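The analysis underlying the following values was restricted to heavy atoms, covering all of them including side chains, and did not include hydrogens, waters or symmetry mates. Sequence positions, counted from 1, serve as the residue numbers for this chain. Since the structure is predicted, the reported quantities are computational estimates derived from the model, not experimental observations.
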Amino acid sequence: MYDNVGVKVVRSNLQQLIALKSARDGRRITARTVVLETGINKHTVYALVNNTLKEYSGDVLARLCDYLPCTIADLLVLEDAPDATPPTT
């Protein structure tokens, strides 16, 4: 059964928070800038931006929250999973 009723997924707001920091700081900030200025692995940053990261390191979340600045609740949100019901044939 593929019914995802009640299933939740974690989504990242990293792209939006980067845009807010960019506006506040008055400079262009990209995911690459985040990598260079935080020391976080580039694959981790890009996976967060693209919502493909499967595990969230406490150290990474702490560094991002310090850098942006934000809370974990600002960075990650819990949402209903998209309907994964396969089409009927």
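Rounding to the nearest 0.5 angstrom, the gap separating the CG atom in Asn13 from the CD1 atom in Ile18 is 11.0 Å. Expressed to the nearest 0.5 Å, how far CZ of Arg24 lies from CD1 of Ile29 amounts to 8.0 Å. Going from atom SG of Cys70 over to atom CG of Leu76 covers 8.5 Å, rounded to the nearest 0.5 Å. Note that CG of Leu17 and OG1 of Thr71 are 8.5 Å apart. Values are rounded to the nearest 0.5 Å. Going from atom CD of Gln15 over to atom OG1 of Thr30 covers 9.0 Å, rounded to the nearest 0.5 Å. Rounding to the nearest 0.5 Å places CD of Gln16 at 10.0 Å from CG of Leu75.
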Would you sort out whether Leu64 and Leu48 count as a side-chain contact (heavy atoms from CB on, under 4.5 Å), showing the intermediate values? CA-CA 11 Å; Leu64 285 171; Leu48 270 165; 3.5 Å; yes
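The same ILVMFWY cluster, assembled from side-chain heavy atoms under 4.5 Å apart, contains both Ile72 and Leu14. Val60 and Tyr46 fall into different hydrophobic clusters, where Ile, Leu, Val, Met, Phe, Trp and Tyr are joined by side-chain heavy atoms under 4.5 Å apart, directly or via other members. At a threshold of 4.5 Å between side-chain heavy atoms, the hydrophobic network of Ile, Leu, Val, Met, Phe, Trp and Tyr places Val10 and Leu53 in one connected group.
Looking at Thr33 and Arg27, their side chains come closer than 4.5 Å, going by heavy atoms from C-beta outward.
Annotation for Leu78 and Lys8: closest pair CD1-CB, 3.6 Å, computed over non-hydrogen atoms. Minimum interatomic distance between Arg28 and Ser22 (heavy atoms only, all atoms of both residues): CA-OG, 3.7 Å.
Side-chain atoms of Asn41 come within 3.5 Å of backbone N or O of His43 as a donor-acceptor pair.
Under a cut-off of 6.0 angstrom, the local environment of CD in Glu55 is sparse, with at most 12 non-hydrogen atoms contributed by other residues, nucleotides or ligands. Counting heavy-atom neighbours within 6.0 Å of Arg32 CZ, excluding the residue itself, gives a total of 12 or less.
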